[in-house]
Each structure stands twice: as C-alpha cells, then as structure tokens.
Amino acid sequence: MRVAVGADHRGFELKRRIRHALIAAGHDCTDLGVHSGEPADYPDVARQAAEGVAAGMFDRGILICGSGVGMSIAANKVRGARAALVHTAEGARLCREHNDANVLALAGLALAPDDAAAVVAAFLGTAFAGGRHRRRVDKIIAMEREAARGEPAAPSPA
C-alpha cells in the first residue's frame, strides 16, 4: 500500500517509529516531513498528504501532531480527504469500515507507540464495508461538491 506519513514537531518521534514499521511491513511509505523536532506548522504537512491521497498518489495518509486535532481539521479541508482522529484500533476499524476514511490523524503526545501501531494496523488492514455506508459517504462527497461550488448546504431530510 502507498502511504503518506507526516507530522509536525510534536508528532515527529511517533511518525519516525510508524514510518519504520510501515517500511518493515512492506508498505511504500513516503515521508512528507517534518524531519526534526523544530517547530513546524501542521497545516502545511496535512495539506500535502491530504492532496496526495485525494489525487490518488497515495492510498492512505497518516498524520500526527500533538493532539491530532489540528491535522484532522486541516486534512478535512481538502476535497476528497476523509480524515479521522482515532485513539483506538476499534476506532480505526470503524472509520475505515463505515466512513471510508483515507487519512488517519493521531495524537503524538497522547498515544503510546505500541497503541499507535495497533491503530495504524487496523486502519491499513480494514476495508470499506460499502452497503448502507456507501450512501452516507456519498452524502459527504455531495456536501464537498456543493461547498466547492459555493452552494449552500442542502437541508437534511427530517
């Protein structure tokens, strides 16, 4: 699988460990930075990874900042990216199965390396279930299209 990994300075160490594990597992892993613990802006890395996933350059993206929140917010601004901030393997499985998430956001300051490895394995090892979930993901995609055209959001059915 082609995986983009990226972090800001607060996720640098966990990203380094995840990257090595991905390569050892045989994944084609592209490191989008950062490459040190020097302060860096997470939106820059999140955008690069999310755009690469949305364009099909990568199958999945894994982003890490201190809380994971900033990376997930920034990645979700990219049309075609569905980023999920996850703390457990079960959450990773569900975000793939039900939401077809293609970008995983992790909390570099809160997630132990072994726990992060289990989350990443579940994220990469779970397929989208489709079925009733496809209808819901299609609604998200329609919302993205409307936003891109500057249209107001369509009201939800009652």
N/O donor to acceptor pairs below 3.5 angstrom from side-chain atoms of residues 29-36, sequence neighbours left out:
| unit_1 | atom_1 | unit_2 | atom_2 | d |
| --- | --- | --- | --- | --- |
| Asp31 | OD1 | Lys15 | NZ | 2.7 |
| Asp31 | OD1 | Gly33 | N | 2.8 |
| Asp31 | OD2 | Lys15 | NZ | 2.8 |
| Ser36 | OG | Glu38 | N | 3.1 |

- Note on the structure: When rounded to the nearest 0.5 Å, the distance separating CZ of Arg17 from CD1 of Ile64 is 11.5 Å

- Beyond-backbone contact of His27 with Ile23, side-chain heavy atoms, under 4.5 angstrom: no

- Query: Which heavy atom in Leu63 sits nearest to a heavy atom in Ala49, and how many Å separate them?
  - Reply: CD2-CB, 3.6 Å

- Message: Quick test of your reading: applying ring-ring contact (aromatic ring centres under 6.0 Å, His included), list the pairs with at least one residue in residues 49-84, sequence neighbours left out, ordered by first then second residue.
- Response: none

- Query: Excluding sequence neighbours, so at least two apart, what forms side chain to side chain donor-acceptor pair (under 3.5 Å) with Arg149?
  - Reply: Glu151

Side-chain donor/acceptor pairs under 3.5 Å, residues 105-134, sequence neighbours excluded:
| unit_1 | atom_1 | unit_2 | atom_2 | d |
| --- | --- | --- | --- | --- |
| Thr126 | OG1 | Ala122 | O | 2.7 |
| Arg134 | NH1 | Asp138 | OD1 | 2.8 |

- Step by step, would you call Leu22 with Val5 a side chain to side chain contact (heavy atoms under 4.5 Å, CB included)? CA-CA 10 Å; Leu22 291 171; Val5 295; 3.6 Å; yes

- Message: Tell me every residue that passes salt bridge (charged side-chain N to carboxylate O under 4.0 Å, His left out) with Asp59, counting only those two or more places apart in sequence or in another chain.
- Response: Arg2

Contacts table for residues 70-94: side-chain donor-acceptor under 3.5 angstrom, sequence neighbours left out:
| unit_1 | atom_1 | unit_2 | atom_2 | d |
| --- | --- | --- | --- | --- |
| Ser72 | OG | Gly68 | O | 3.3 |
| Ser72 | OG | Val69 | O | 2.8 |
| Asn76 | OD1 | Ala83 | N | 2.8 |
| Asn76 | ND2 | Ser72 | O | 3.0 |
| Asn76 | ND2 | Ala83 | O | 3.1 |
| Arg82 | NE | Asn99 | O | 3.4 |
| Arg82 | NE | Asp100 | O | 3.1 |
| Arg82 | NH2 | Asp100 | O | 3.1 |
| Arg82 | NH2 | Asp100 | OD2 | 3.2 |
| Thr88 | OG1 | Gly91 | N | 2.9 |
| Glu90 | OE1 | Arg93 | NE | 3.1 |
| Glu90 | OE1 | Arg93 | NH2 | 3.3 |
| Glu90 | OE2 | Arg93 | NH2 | 2.5 |
| Arg93 | NH1 | Glu97 | OE1 | 2.8 |
| Arg93 | NH1 | Glu97 | OE2 | 3.0 |

- Note on the structure: Applying side chain to side chain donor-acceptor pair (under 3.5 Å) to Arg16 and not counting sequence neighbours gives Glu13

- Item | Listed partners of Glu51 passing side chain to side chain donor-acceptor pair (under 3.5 Å), at least two apart | Arg47

- Message: Same cluster or not: Val45 versus Val103, using hydrophobic residues (I, L, V, M, F, W, Y) connected whenever any side-chain heavy atoms lie under 4.5 Å apart?
- Response: yes

- Query: Quick one: does Arg96's side chain have a donor or acceptor within less than 3.5 Å of a partner on Ala101's backbone?
  - Reply: yes

- Note on the structure: CG (Leu104) and CD1 (Ile62) are apart, to the nearest 0.5 Å, by 5.5 Å

